[in-house]
Amino acid sequence: MPTTMLGSASGDPGDIVAVVGRHVALAPHAGDRLRGDCPFCGSPAPAFIVRPAHGTFHCLGCGVGGDAARFAAAIDR
């Protein structure tokens, strides 16, 4: 399955939780990671991972990922 990176990390890494949290219910996962349901592919399992320390997100189901700005742009499409 191809992976699509929507962009590289930029800006404040703390923004990723605030931006994604407006659209995805996030729950604690391994270490400092958070996870939830992907708003892009609708995967039935919580395969959407947010890494606050890196300021990034990635879906293990559809492969989409990027930073807070890329998430905001993609969710508005």
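- Taking every heavy atom of both residues into account, Gly61 and Ala47 meet most closely at N-CB, 3.9 Å.
- Atoms CG and CZ, on Asp67 and Arg51 in that order, are 13.5 Å from each other to the nearest 0.5 Å.
- Among all heavy-atom pairs drawn from Gly36 and Leu26, the shortest one is N-CD2, 4.3 Å.
- Closest approach of Val24 to Asp37, counting heavy atoms only: CG1-O, 3.5 Å.
- Counting all heavy atoms, side chain and backbone alike, Phe40 lies closest to Val64 at CD1-CG1, 3.5 Å.
- Not counting sequence neighbours, His29 has no partner by the ring pair (Phe, Tyr, Trp, His ring centres under 6.0 Å) test.
- Note: Phe57 and Phe71 have perpendicular aromatic rings, judged against thresholds of 30 and 60 degrees for the angle between ring planes.
- Here the side chains of Pro52 and Leu34 are in contact, with some heavy-atom distance below 4.5 Å.
- Looking at every heavy atom in both residues, Asp32 comes nearest to Ala53 through OD2-CB, 3.2 Å.
- Proximity of Pro39 to Phe48: side-chain heavy atoms (C-beta onward) are separated by under 4.5 Å at one or more points.
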